[in-house]
S.K.: 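Next up is a structure, given as structure tokens.
Note that the coordinates shown come from a computational prediction; the quantities given were computed from them, not determined experimentally. In what follows, chains carry the letters A, B, and so on, assigned in the order in which the sequence lines appear, proteins first and then strands, with residues in each chain numbered from 1.
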Amino acid sequence: MSDNLLEIKELSTGFFTEDGFLPALDKVSLTLKKGETLGVVGESGSGKSLTSLSVMNLIPTPGKAVGGEILFKGKNLLQLGEEQMRAIRGNEISMIFQEPMTSLNPVYSVGEQIMEVLRLHQQLDKKVARAKTIDMLRLVGIPSPEKRVDDYPHQLSGGMRQRVMIAMALSCQPDLLIADEPTTALDVTTQAQILDLMLDLKERLQTSILLITHDLGVIAEAADHVAVMYAGKVVEYAEVKRFFREPLHPYSQGLMNSIPTLEQTRERLQVIRGVVPTLQQMPKGCRFCTRCDEKQTLCEEEAPPLIGYQGSQVSCWKYTERWEPSPR
Amino acid sequence: MSQHADLASNTAVNETISSLKKDSIVAEAWKRFKKNRLAMVGGMILCLLVLTAVFAPLISPYDPYSSVKNQTGMLNVMAPPSGEHWLGTDSLGRDILSRLIYGGRISLSVALVAVAISTGIGVLLGLLAGYYGKWVDAVIMRVTDIVICFPVLFLVISVSTMLTPSIYNVMIIIGLVSWTTMTRLVRGEVLRIREMEYVEAVRALGQNNLVIVFKHVLPNIMAPITVQATLQTAEAILTESALSFLGVGVQQPIPSWGNMLQDATSIMVLQFKPWIWAPPGIAILLTILSINLVGDGLRDALDPKTKN
């Protein structure tokens with residue numbers, strides 16, 4: 001038995017539209033070890049949220065996972081039926097969402113919503129569930145939880161609601177918590193608190209976290225490993241410290257360079273030129289080649305595989321023998 | 001001075017905080033509703049009408065079914081309003097006030113049952129169509145389109161002549177033809193709520209579809225449903241009156257506001273005996289008006305976009 005909690009192997013997910021099949025995820029492979037936090041970064045439309053929804057088996061129609069496997073504790077989630085999947089959702093794998101303002105049902109008190117999960121998966125009776133709900137609220141740092149348990153979502157601030165979401169997601173002590181941009185909608189001080197809370201609870205409850213974000217700062221603070229996604233592909237997978245010291249893929253390097261620093265005063269922020277190609281006009285070779293400053297003819301013709309390089313994994317021809325060193 | 005102001009604002013803040021804590025969604029809506037004068041007036045009239053309907057046997061001065069004889073032993077027909085008969089008597093010598101009170105009972109209950117039927121059908125179909133989408137949606141919405149195309153009054157008239165006209169048939173018929181607006185409304189609302197993150201969140205927590213639809217989607221669209229059902233009640237009263245007036249709805253001698261107007265088909269009555277047709281006419285008008293006022297008030301009170 002390996003200590004990999006979640007292993008995504010060559011997952012391909014796409015949308016069946018009127019224009020034909022559009023591959024949104026192309027052979028995505030990720031591994032998450034028990035007790036670790038894996039950060040997934042990428043810009044909008046890079047497929048990071050779709051990856052997490054694929055794990056939950058909640059891909060919006062007309063999307064569908066068409067290839068690969070998602071191994072969770074050795075079971076392939078893609079082969080489970082809806083009934084079996086429902087038993088896993090919220091119980092073994094939980095998810096928290098980006099928008100705490102809209103992720104709670106406005107017509108129920110926060111207590112009722114947490115109790116619903118507990119009663120659904122653990123068949124607790126009302127009293128026990130309520131006591132446990134109050135415990136969970138206390139655990140996520142909500143002051144006077146005995147009173148707050150009867151509050152409605154609109155009576156809580158964004159940070160408080162996100163705490164409630166975390167309480168809800170962790171109430172059944174799942175092995176895996178998927179956090180889809182959990183701090184994006186919060187202000188900066190609250191962001192830090194929520195991140196700290198998640199990391200603290202991860203230690204206490206022995207939960208692994210799949211952290212999806214577009215904020216490299218969040219990754220630096222919270223993740224153990226990082227996967228960089230671009231246009232539906234994992235272009236780099238590395239240990240966090242190493243990644244920040246020496247990003248390998250030209251896209252990762254571009255991302256790093258576009259972070260403004262305090263030391264330098266620049267007239268303009270550095271950007272990666274161009275935009276992500278749409279699914280309809282994806283280049284044949286490397287998906288990043290339209291925006292890459294170092295591309296060669298090889299890049300346009302053939303997609304690079306994900307290869308091991310100095311302990312990391314990177315998907316770029318630069319690190320293979322087929323790369324022709326530049327004449328300069 | 002400034003200390004006072006501070007103190008005052010402090011208590012104000014405390015009050016808002018405590019009121020925030022106490023108020024559920026319903027209580028908040030009620031607060032907003034109370035501020036709407038017109039809606040409150042409508043609500044009071046409606047309450048009055050409902051109370052008279054409920055307590056009809058206690059309030060009405062005469063039996064609405066039996067004719068009254070005068071001192072000479074003749075039927076006291078078409079008597080103008082007097083101390084004895086406040087609103088006069090009709091063509092068969094029955095007390096109009098009593099019939100009006102009992103008629104309200106019939107008209108209101110027909111409308112309520114009809115609306116309960118149409119709301120039930122409309123909400124159920126709308127939920128299914130909106131949540132499940134795909135072919136379920138296509139089938140339900142096409143059927144709705146077809147039902148909308150029916151000329152309602154003709155349909156109701158022909159159906160009610162085929163069945164024996166009775167109160168219950170009127171209720172069922174009105175209910176069966178008037179669910180389409182509700183279906184469309186509910187479907188639209190479900191499409192909106194279905195994409196909300198909290199619905200995705202409960203799915204991600206492993207809840208099944210049936211529970212999601214009824215426990216998480218439905219309560220969130222209760223506001224527009226309530227408003228629509230209220231306005232539909234007004235419409236049902238009108239339809240019932242029209243049917244009864246035409247003689248295919250509630251049958252004599254059972255009084256309803258619609259069939260009380262039947263006497264007004266005679267020019268003589270229309271011109272010279274306004275006490276026979278004016279009371280049911282005014283009753284219908286008042287009821288519809290007050291229901292619509294309440295409906296509009298509810299819409300403003302329940303719509304979160306108009307919050308504060």
S.K.: Looking only at heavy atoms, what is the nearest atom pair of B:N220 and A:P106, with distance?
M.R.: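 Result for this residue pair: OD1-CG, 3.2 Å.
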S.K.: Atom CG in A:L53, atom CD in B:E200: separation rounded to 0.5 Å?
M.R.: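 If I round to the nearest 0.5 Å, the distance is 5.5 Å.
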S.K.: Taking all heavy atoms of B:A204 and all of A:R89, pick out the closest pair and write down the distance.
M.R.: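 Smallest interatomic distance, heavy atoms only, reads O-CB, 3.3 Å.
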S.K.: Please flag which part of A:I178 lies under 4.5 Å from any non-hydrogen atom of chain B: side chain, backbone, both or neither.
M.R.: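 Contact with chain B: none, neither part.
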S.K.: Would you say A:F21 has more than 12 foreign heavy atoms packed within less than 6.0 Å of its CZ?
M.R.: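 Count over threshold, so yes.
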S.K.: So which of A:C172, A:S94, A:P174 actually passes side-chain contact (heavy atoms from CB on, under 4.5 Å) with B:L205?
M.R.: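 Of the listed residues A:C172, A:S94, A:P174, the side-chain contact (heavy atoms from CB on, under 4.5 Å) partner of B:L205 is A:S94.
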S.K.: Can you tell which part of A:L120 gets under 4.5 Å to a heavy atom of chain B, answering side chain, backbone, both or neither?
M.R.: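 For A:L120, side-chain heavy atoms alone lie under 4.5 Å from chain B.
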S.K.: Measure the shortest side-chain to side-chain distance between A:E116 and B:V211 over non-hydrogen atoms and say whether it is less than 4.5 angstrom.
M.R.: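 Result yes, sub-4.5 Å side-chain heavy-atom pair found.
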S.K.: Could you tell me the separation between the CE atom of B:M196 and the OG1 atom of A:T102, rounded to the nearest 0.5 Å?
M.R.: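 So the CE of B:M196 and the OG1 of A:T102 are separated by 6.5 Å.
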S.K.: Please round to the nearest 0.5 Å and tell me the distance separating atom CZ of B:R203 and atom CG of A:N57.
M.R.: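 Reported to 0.5 Å precision, the distance equals 10.0 Å.
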S.K.: Considering non-hydrogen atoms only, spot the tightest contact between A:S103 and B:A201 and give its length.
M.R.: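 Result for this residue pair: O-CB, 3.8 Å.
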S.K.: Most heavy-atom pairs under 4.5 angstrom with chain B, which of A:M56, A:E99, A:M165, A:Q113?
M.R.: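 Among the listed options, the one with the most contacts to chain B is A:E99.
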S.K.: With rounding to the nearest 0.5 Å, note down the distance linking CG in B:N208 to CD in A:E83.
M.R.: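 That separation rounds to 7.5 Å.
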S.K.: Is there a donor-acceptor contact under 3.5 Å from the side chain of A:Y108 to the main chain of B:K215?
M.R.: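 The answer is yes, because a donor-acceptor pair under 3.5 Å joins these two groups.
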S.K.: Just checking B:Y168: does its OH atom have more than 12 heavy atoms from other residues, nucleotides or ligands closer to it than 6.0 angstrom?
M.R.: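 At most 12 heavy atoms, drawn from other residues, nucleotides or ligands, come within 6.0 Å of this atom.
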